[in-house]
Amino acid sequence: MADDVRRPRVLDVLAAEEPWEVPGAWLSRIRAQLKAWADDPEALRPLRPEAFPDFVKGTPAAVWFTHQAAPLLTGWIPVLHGEYADLPTELTREFYRPSSRLGGNGHVIYVAPTDWHLQAIAGARGFRENGRRHALQLSRNVVGMFVDAPPMAARATALAAAFDRVLADRELTDLHVTGEYDEIAKYWRTDALKDSERAVLPELAGPSAALRYSINSVRDTHARMLMASPDEYAGDFAQVLAELILATGLRGIPQSVANVLGDAALDVHKALEDIHEAFTLPIWHGHVNQWMSRAIRGGQSALARSWGAAAARVGVHLSGVLAKGPWPVAEVPDLTTLFRMLDRERWSIIENAAAADQEASLSAAWKTVKDDEEPKARPSRSGTLDDPMPEVVDFSDDPLAELDSLIGLESVKDAVRRMVAEVKTNLRRTELGLPSHERARHMVFVGKPGTAKTTIARLLSRIYHQLGVLEKGHVVEVDRSDLVGAAVGSTAPMTAAKFREALGGVLFIDEAYSLTPENTPGDYGLEAVSTILKMMEDHRNDCIVIVAGYHREMQRFMESNTGLQSRFPKLLSFSEYDTDQLVAIFELQARQKGMIYGEEVLDKVRTVIPPAPRGHSFGNGRFIRNVLEEAVSNQATRLSASDPDSLTERDLRELIPSDVRPPTSMRAEDYLLQKPGT
């Protein structure tokens, strides 16, 4: 992307047709209104939610209600993404001080009771009539702030109109000022909204109506998606609902869902019987992601958004019937990948538009010279030939930003952020003379090759160094050959030397399970493990040890010594990259090499990636690196048949589909790292 191309800061509501570039003036106006309420002594008196510890003392109820209502005005169970995904915190930042905030460019799913719009009124139940009247008015005032914000306008306008009717009618006002809350809630479920308003605020009619709306949304958007982008795996409505049920962790139709489905429940039950034995979540995610990708590339991104929002909404409803965890539990469908695809499309449009503007501003003389030299370069996924080499972002001073920039690894990123929050909290406790709640920081990394385990270890070392936990913040990477000697008495000194080298940083032991091979009780690797455990105890706060390897082999390793499990309290699981993530890695690495390519090249990359589920030794990121290096090598072979003097810059930078083939060779270290169980 060119240096002068600015990617706008947006609020991206999945159910909306497109992201909203949030105007700075709009943010300032909302924040100014909240501050005005805070400065108004009359506004402070009736409702002051000081019981909420994340809000500063004296926060007026209008600010608190703004924090609750803002995201829900974008939709029922909305999914928010972009720089303003944490919208409530952005708006109320002067009053809301949570212990942790949403980081990076992730997404948030907001869920609330179906009477969320009455929360300020419900909170005033114990107040005198004047206070309850004030709660009614402030509810209207808060909603009214959002009638000009595109993602919230329809719902805010409808809800404001309903509040206006209450305030204009003496009997309805008296109901809200003197009536029982159950009577107020019943009025809103049955009589408060006109049909046109109920269409955009379906959940206000109660939980059953909200569930019916969510299921009907899936039925409608699924039919429209099939018409616009046919797919052999998508199936009909009964199949997709059965897949959502299985993806959420259920094995049958919840009664509440069956009540909404009526006779259609028989079709869903039949679909469950047909697919439940063969259903696996990763394969289903892969099929859905490919379908969404084709739809987005085919100009149907708005429809893909609607489908994803509807499926996510039903997924939350289904998760609500599970007893094993809080509501919601599962993320269905794979929203992280869907947003990544949508982001790529949006950024590509921005970059290509900027490149077109730049080209239009060139002088006529320069254009003539350029046209004489070679054919005009067509736009590609990586931009145009005129784009400068992509800027190499310097993350040396901000490892957390570098962590956020990595493709995939969402659960790992979340775990790292929690660890950082834990360290910061304990440091503050120490400053205040309070006892800290320190845990050992040693970790187990499990996952296949090429899933960025070593990269995360290096970032963690830098992060802990910045926090003052580690003195140096370096990483010493070792494997069995660095720790285990060939003769009696040589292992302990070798292991101790490597441990001392890592003091002040991280000792990263890759393929740690090789230290305890099966059925070899006298192996010297056992001595290495014992030495490491002793030195971990002797240098408890001077070094972090990370052991890494395959899931199954690492489980055996952890069970091989009774002292291992207690000394490694944290486990980070590195998931295999899905197809879209691997293609995104190819794009990133190709751009870093200065290559240009078209959409057809990315389609070819997809064909050489093995379908899921992939083999035990699949190299993930390393595999993609080999695909790219093979493509560059094939390009060189193709160009060698031409006269070197005739080759243009475009010729040397452009990859074409025939350059992309399954890698026939790989680096020696990659081969060794891909051998299972070594």
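By convention here, the first residue in the shown sequence is residue 1. Just so you know, these numbers use all the heavy atoms, side chains as well, and skip hydrogens, waters and symmetry mates. Predicted model only: the values in this text are computed from it and were never measured.
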Fill in: Point-to-point distance, once rounded to the nearest 0.5 Å, from CZ of Arg93 to CG of Asp86
12.5 Å
Item to complete: Ignoring hydrogens and angles, tell me if any N or O in the side chain of Thr74 forms a donor-acceptor pair with the backbone of Ala70 under 3.5 Å.
Response: no
Worksheet item: For the side chain of Thr607 and the backbone of Lys604, is there at least one donor-acceptor N/O pair under 3.5 Å apart?
Response: yes
Practice prompt. Apply the side-chain contact (heavy atoms from CB on, under 4.5 Å) test between Met152 and each candidate in Leu72, Val143, Leu73, Leu159; give the one that qualifies.
Written response: Leu73
Worksheet item: Does the Asp115 side chain pair with the main chain of Leu118, one donor and one acceptor, at a distance under 3.5 Å?
Response: no
Discussion item. Before you tell me yes or no, could you show the steps for Arg305 and Glu17 under side chain to side chain contact (heavy atoms under 4.5 Å, CB included), namely the whole-Å CA-CA distance, both residues' side-chain angles and the distance that decides it to 0.1 Å?
Written reply: CA-CA 7 Å; Arg305 286 172 169 277; Glu17 291 190 0; 5.7 Å; no
Discussion item. Looking at Thr66 and Ala62, would you say the former's side chain and the latter's main chain have a donor-acceptor pair under 3.5 Å?
Written reply: yes
Worksheet item: Hey, does the side chain of Arg132 reach the backbone of Val177 with a donor-acceptor pair shorter than 3.5 angstrom?
Response: yes
Discussion item. Would you compute the distance between atom CD1 of Ile30 and atom OG1 of Thr92 and round it to the nearest 0.5 angstrom?
Written reply: 11.5 Å
Worksheet item: With sequence neighbours left out, which residue pairs that include part of residues 156-168 fulfil the side-chain hydrogen bond (donor to acceptor under 3.5 Å, both in side chains) condition?
Response: Arg140-Asp164, Arg165-Glu197
Discussion item. Between Glu599 and Arg297, is the salt bridge (charged side-chain N to carboxylate O under 4.0 Å, His left out) condition met? List the steps.
Written reply: CA-CA 9 Å; Glu599 189 70 44; Arg297 297 202 306 271; 3.6 Å; yes
Worksheet entry | Pairwise side-chain contact, Tyr550 with Val446, heavy-atom cut-off 4.5 Å (strictly under) | no
Response to the item:
d(Leu80 CG, Leu11 CG) to nearest 0.5 Å is 5.0 Å
Practice prompt. Mind checking the CG-CZ spacing from Leu244 to Arg313? Nearest 0.5 Å is all I need.
Written response: 12.0 Å
Discussion item. Is the shortest side-chain heavy-atom distance between His317 and Ile77 below 4.5 Å?
Written reply: yes
Response to the item:
Nearest heavy-atom contact between Glu243 and Ala234 is OE1-O, 4.4 Å
Worksheet entry | Pairwise side-chain contact, Glu587 with Leu602, heavy-atom cut-off 4.5 Å (strictly under) | yes
Practice prompt. Examine Trp76 together with Trp116 and report whether their ring centres are nearer than 6.0 Å.
Written response: no
Practice prompt. Kindly say whether Asn289 contributes a backbone atom to a donor-acceptor pair with the side chain of Ser293 at under 3.5 angstrom?
Written response: no
Discussion item. Taking the ring centre of each residue, are Phe237 and His222 less than 6.0 Å apart?
Written reply: no
Discussion item. Could you measure the distance from the CD1 atom of Ile624 to the CD atom of Gln581? Nearest 0.5 Å is fine.
Written reply: 11.5 Å
Worksheet entry | Check against side chain to side chain contact (heavy atoms under 4.5 Å, CB included), Tyr187 and His176 | CA-CA 10 Å; Tyr187 163 76; His176 288 71; 4.0 Å; yes
Worksheet item: Considering all heavy atoms of both residues, which atom of Arg155 and which atom of Pro202 are nearest to each other, and what is their separation?
Response: NH1-CD, 4.1 Å
Practice prompt. Identify which one of Ile245, Leu241, Val240 satisfies the side-chain contact (heavy atoms from CB on, under 4.5 Å) criterion when paired with Val314.
Written response: Leu241
Fill in: pair Leu91-Leu27: side-chain heavy atoms closer than 4.5 Å
yes
Worksheet entry | For the student: nearest non-hydrogen atoms of Thr221 and Ala310, plus distance | OG1-CB, 3.7 Å
Item to complete: Run the numbers on Asp182 and Lys186 for salt bridge (charged side-chain N to carboxylate O under 4.0 Å, His left out), then give the verdict.
Response: CA-CA 6 Å; Asp182 289 344; Lys186 180 181 178 182; over 6 Å; no
Discussion item. Can you tell me how the ring of Tyr96 sits relative to the ring of Phe55, calling it parallel under 30°, perpendicular over 60° and tilted otherwise?
Written reply: tilted
Worksheet item: Tell me the salt bridge (charged side-chain N to carboxylate O under 4.0 Å, His left out) pairs involving residues 274-292, sequence neighbours left out?
Response: Lys270-Asp274
Worksheet entry | Pair Thr248-Leu246, side chain to side chain contact (heavy atoms under 4.5 Å, CB included): steps then yes or no | CA-CA 5 Å; Thr248 310; Leu246 295 174; over 6 Å; no
Item to complete: Please indicate whether His287 has more than 12 foreign heavy atoms, meaning atoms of other residues, nucleotides or ligands, lying under 6.0 Å from its NE2.
Response: yes
Worksheet item: Could you go step by step and tell me if Ser573 and His551 meet the side chain to side chain donor-acceptor pair (under 3.5 Å) rule?
Response: CA-CA 8 Å; Ser573 180; His551 289 74; 3.2 Å; yes
Item to complete: Would you please test Leu226 and Trp291 for side chain to side chain contact (heavy atoms under 4.5 Å, CB included) and show each step?
Response: CA-CA 10 Å; Leu226 284 174; Trp291 187 28; 3.9 Å; yes
Item to complete: Could you check if a side-chain atom of Trp307 sits within less than 4.5 angstrom of a side-chain atom of Val288, using non-hydrogen atoms only?
Response: yes
Discussion item. Is any side-chain heavy atom of Met554 closer than 4.5 Å to one of Phe445?
Written reply: no
Worksheet item: Where is the tightest heavy-atom contact between Glu21 and Val10, given as atom of each residue plus distance?
Response: CA-CG1, 4.0 Å
Worksheet item: With no hydrogens and no angle check, is any side-chain donor or acceptor of Trp188 less than 3.5 Å from a backbone partner on Leu193?
Response: no
Worksheet item: For Asp343 and His81, does a side-chain donor sit closer than 3.5 Å to a side-chain acceptor?
Response: yes
Discussion item. Counting C-beta onward and ignoring hydrogens, is there a side-chain heavy-atom pair between Arg133 and Gln137 closer than 4.5 Å?
Written reply: no
Discussion item. Looking at Tyr181, I'd like to know if its OH atom is crowded, meaning that more than 12 non-hydrogen atoms belonging to other residues, nucleotides or ligands lie closer than 6.0 Å.
Written reply: yes
Item to complete: Please confirm whether the backbone N or O of Leu175 pairs with a side-chain atom of Thr178, one donor and one acceptor, at under 3.5 Å?
Response: no
Worksheet entry | CD/Glu273: more than 12 non-hydrogen atoms of other groups inside 6.0 Å | yes
Discussion item. Which heavy atom of Arg219 sits nearest to which heavy atom of Leu261, and what is that distance?
Written reply: NH2-CD2, 4.3 Å
Fill in: Spacing of CE belonging to Met227 relative to CD belonging to Gln300, to within rounding of 0.5 Å
10.5 Å
Worksheet item: Any idea which heavy atoms bring Leu338 and Gly308 closest together, and the distance?
Response: CD2-CA, 4.0 Å
Worksheet item: Side-chain contact, heavy-atom cut-off 4.5 Å: Glu203 with Tyr213?
Response: no
